[in-house]
*Asks:* 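Please find one structure pasted underneath; my questions will follow.
Computed from a prediction, not measured in an experiment: that's the story for all the values here.
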Amino acid sequence: MGAALVSPNGAVPGSVKTAWRTRRKDTGLDGKTVQPTSFRHTIARWMRSHSVSPWEVAAFLGHRMPGYSITEVYAAADPLYMAASREALEKLVRAIYGTPLKDGEAEKAAA
């Protein structure tokens, strides 16, 4: 997979913390009530509401899940690895920025 965090124009931030503080200030979000974890929770809920499996959400967020074997380390070798996550997250970004997304568009872009 490519960069974990990119801006809508495709740029990769040099520092996630600096990018977060800058965007929070630019948008006028309250730094005491809106934290990066707010977005993690939103992304997780959004993915689950778009039928992304609990395993894939956990993997995307870097959570450990009991009961999975070392074989799961090799999951990224599957060409469809995190496909549902990419699709759901692409829909979230498009919803935020108001750009409609056609079915399968995120999968085509990821290929």
*Asks:* Check the hydrophobic clustering (I, L, V, M, F, W, Y; side-chain heavy atoms under 4.5 Å; chains of links allowed) and say if Tyr97 and Met47 are grouped together.
*Replies:* yes
*Asks:* Answer yes if Val52 and Ile96 sit in the same cluster of Ile, Leu, Val, Met, Phe, Trp and Tyr residues linked by side chain heavy atoms under 4.5 Å apart, and no otherwise.
*Replies:* yes
*Asks:* Thinking salt bridges, do Arg86 and Glu90 make one under a 4.0 Å N-O criterion?
*Replies:*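 No, Arg86 and Glu90 are not salt-bridged.
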*Asks:* Between Trp46 (side chain only) and Ala88 (backbone N and O only), is there a donor and an acceptor less than 3.5 Å apart?
*Replies:*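 The answer is yes, because a donor-acceptor pair under 3.5 Å joins these two groups.
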*Asks:* Is there a path of hydrophobic side-chain contacts, each under 4.5 Å between heavy atoms of I/L/V/M/F/W/Y residues, joining Val93 to Val57?
*Replies:* yes
*Asks:* Applying salt bridge (charged side-chain N to carboxylate O under 4.0 Å, His left out), can you list everything that pairs with Asp26, at least two apart in sequence or on another chain?
*Replies:*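 Listed in chain order: Arg23.
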*Asks:* When rounded to the nearest 0.5 angstrom, what is the spacing between CG in Leu89 and CE in Met82?
*Replies:* 11.0 Å
*Asks:* Passes side chain to side chain contact (heavy atoms under 4.5 Å, CB included), Phe39 versus Val34? Steps please.
*Replies:* CA-CA 8 Å; Phe39 289 98; Val34 180; 3.9 Å; yes
*Asks:* Working to the nearest 0.5 Å, report the span between OG of Ser38 and CZ of Arg24.
*Replies:*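 It is 10.0 Å, given to the nearest 0.5 Å.
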*Asks:* Not counting sequence neighbours, which residues clear side chain to side chain donor-acceptor pair (under 3.5 Å) with Thr33? List them please.
*Replies:* Asp30
*Asks:* State which residues pass side chain to side chain donor-acceptor pair (under 3.5 Å) with Arg48; sequence neighbours excluded, sorted by chain then number.
*Replies:* none
*Asks:* With rounding to the nearest 0.5 angstrom, report the CD to CG distance, Glu87 to Leu92.
*Replies:* 12.5 Å
*Asks:* With Thr37, which residues qualify under side chain to side chain contact (heavy atoms under 4.5 Å, CB included), at least two apart?
*Replies:*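 Result, side chain to side chain contact (heavy atoms under 4.5 Å, CB included) vs Thr37: Gln35, His41.
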*Asks:* For Thr18, which residues count as a side chain to side chain donor-acceptor pair (under 3.5 Å) partner, sequence neighbours excluded?
*Replies:*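 For Thr18, the residues satisfying side chain to side chain donor-acceptor pair (under 3.5 Å) (neighbours in sequence not counted) are Ser15.
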*Asks:* Can you name the side chain to side chain donor-acceptor pair (under 3.5 Å) partners of Ser51, sequence neighbours left out?
*Replies:*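 Expected list: none.
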*Asks:* Listed by chain and number, what are the side chain to side chain contact (heavy atoms under 4.5 Å, CB included) partners of Ser53, not counting sequence neighbours?
*Replies:* Trp55, Glu56
